[in-house]
Amino acid sequence: MSAPAFDNKIIKWIDERLPLFTMLEHSTTSYPTPKNLNYWWNFGSLALFALVIMILTGIFLAMSYTPHVSMAFDSVERIMRDVNYGWLLRYLHMNGASFFFICVYIHIFRGMYYGSYKAPREILWWLGLLILLAMMATAFLGYVLPWGQMSFWGATVITNLFSAVPVVGDFIVTWLWGGFAVDNPTLNRFFSLHYLLPFVIFALVALHLIALHTSKSSNPSGIEIKGPQDTIAFHPYYTIKDLYGVGVFLLVFLGFVFYAPNFFGEPDNYIPANPMVTPTHIVPEWYFLPFYAILRAIPDKLGGVIAMFGAIIVLFALPWLDSSKVKSGRFRPVFKWFFWLFLVDCVVLGWVGGKPAEGHYIPIGQAATAWYFLHLVVVLPLLGRLEKPLALPASISASVLKEKA
Amino acid sequence: MLRTILIPAALAFGLAATPALASGGAPLTKQSWSWDGVFGAYDQAQLKRGFQVFHEVCSNCHGLKLVAYRNLKVIGLSEEEAKAVAGEREVKDGPNDEGEMFNRPGKLSDHYIPPFANDQAARVSNNGALPPDLSLITKARVGGPDYVYSLLMGYADTPEGFTLNDGMNYNKIFAGNQIGMAPPIADDLVTYADGTKASADQIAKDVVSFLNWAAEPEMDARKSMGLKVMLFLLLLTGLFYALKRKIWADVH
Ligand code: HEM
């Protein structure tokens, strides 16, 4: 890592004492990036962009929000009505959460298709999963803050899950609530934690990027970088490509913010929380629905909780469960089909998660849950051993030339 | 070019507008509202008529606590009219210099003063049923304005074999088909100052428009800002794309 030469005297002075500019240069300008990344590789930078939007809008919302059970709902409405551009801040934050999850879910499935989690990127993958877990916690806590009916009942249902833990379950729930029901102490601590966690996510993203820049980006061919002919500098090639991605992202995201801001929301959350009235249908936000379906697929409460958390925990083992030496799904004719089947399975889980647990939804949810785990724990290990991959191109640039021909 | 703006929006509306079935069982009647679509906006005259209906009829039972009297100027009431409306009800204020609480007429800065002192009082006057605050009603029900419109127009004769509880009214839309609110709307229930004929249907549409404004007063500002932002973004994204093509031209 040689330090780049800086012309500017001040920059040079600072850089010799604290190599800020060298670091920036290495990670955002000269960072050697495979030249064949497709648009699925845009979603990492988009996720980061979404995170920044969430933190910025969140900080301004917090300036006008009141975390008290008798004032929270009205304080949010005050933001919507009396704070300058408060409606914009709130709708950006509300829809931003959904779009953050959309980006990250696409980012994860991209990784699954192209085998990005395989050596030497296992720790990069784990950091991603930790980010996902922290995001889920943050989103759950945040959804409680407006103190509508779904806030209250969602918090009640989810915190109650911990009562399934043997022996100390009820103790844990009381401890989480800070009392004997979801109430003001709960709201206060949720606000505190909701403010804290995004910065934890930010730190995890920094580690994620350090790991990325150590192992370098993977690419659609799944072949590692063999020399300078395989790469191009991050700037200007990927800066402009990512900017173009940001433009398209904003068009869709702001389309919802300005024209259908409540599309992802639940009407019930515009009814102030009322512990005496249970909504007919308690559903979490859409991005939790697949996990909610897994939770309800197991008839036993503790079993359901274990399966739900297990659905993410098992992904930590993915680099070893997938036994194939070939990374990219492009060269794995059978895996490819199972990948799409798995994707459909996750969508089915999401769909069932939004339906009442009754009738034929129950067996569908159970089958989809079973397939989720079967795919990861049985199909992937077997496939790597049985499948005959296609011939790999000699290098990244060879694969690019072949595509062009 | 416009299509690219419209697609995400149209997609959203298309998906959002799948015919919602009310839990009462009957399908909602989809109305065409003046604010539908990307270019839709509130109709000031209609909001003013709707306010008249709310004020003369609904506000006898329902609150509207998120709307302040000063907000009424936005829908075309003059300062004097808004003050007069505010002054019709009294609120408790104080303590004064003698340490006493006192009642005073409402002011522009007050929020719409509810008809009942508390939920219990509201229930006692309504046969046990609680008339909800209507500030957010069009956002708080599946189907939104179409739901409220259909509910208001959804009263019908009780079908044979249906047992209606005491003091309840049959309604095709309301969950469980019996509602504690008597049909609040009828032909010529109000006399419109602007000469619009006050059919029950017209009254229902007007009051729902007003309630939608009460729930989403920012909508006009939101949509017009949205249009500018989208046009700008379209240009910017086009530029990024052209630049991307140019910069990448030598990569193979
Ligand atoms: C806050 C959320 C996240 C942010 C901001 C973020 C950011 C990024 C960025 C900027 C990149 C480089 C560009 C790219 O390859 O797309 C990247 C790469 C990567 N991320 Fe994330 N990420 C997030 C969450 C996750 C999650 C949840 C996972 C998976 C569990 C994940 C797994 C990966 C992997 C495996 C790579 C390397 C991909 C490759 O080069 O093939 N990330 N991330």
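All values below were derived from every heavy atom in this structure, side-chain atoms included, with hydrogens, water molecules and symmetry-related copies excluded. In what follows, every chain begins at residue 1, and chains take the letters A, B, ... in the order their sequences are listed.
The distance from the OH atom of A:Tyr237 to the CG atom of B:Asp250 is 4.0 Å, given to the nearest 0.5 Å. Rounding to the nearest 0.5 angstrom, the gap separating the CH2 atom in B:Trp248 from the CD1 atom in A:Ile240 is 11.0 Å.
Both the backbone and the side chain of A:Leu254 come within contact range of chain B, with heavy atoms under 4.5 Å apart. Contact annotation for B:Leu236: neither backbone nor side-chain heavy atoms come within less than 4.5 Å of a heavy atom of chain A. B:Arg70 touches chain A through its side chain: at least one heavy atom from C-beta onward sits under 4.5 Å away, while N, CA, C and O do not. Proximity to chain B (any heavy atom under 4.5 Å) is shown, for A:Phe264, by neither the backbone nor the side chain. For A:Val257, the part lying near chain B is the backbone, with the side chain staying farther off; criterion is any non-hydrogen pair under 4.5 Å.
Remark: A:Lys226 NZ is packed, more than 12 non-hydrogen atoms of other residues, nucleotides or ligands lying under 6.0 Å away. Around the CZ atom of B:Arg222, the shell of radius 6.0 Å holds more than 12 heavy atoms that belong to other residues, nucleotides or ligands.
Interface remark: of the candidates A:Leu243, A:Val246, A:Ile271, A:Asn262, A:Leu243 forms the most heavy-atom pairs closer than 4.5 Å to chain B. The most heavy-atom pairs under 4.5 Å with chain B, out of A:Gly265, A:Gly245, A:Gly247, A:Pro272, come from A:Gly247.
Ring geometry, B:Tyr241 versus A:Tyr244: the interplanar angle falls from 30° to 60°, so the pair is classed tilted.
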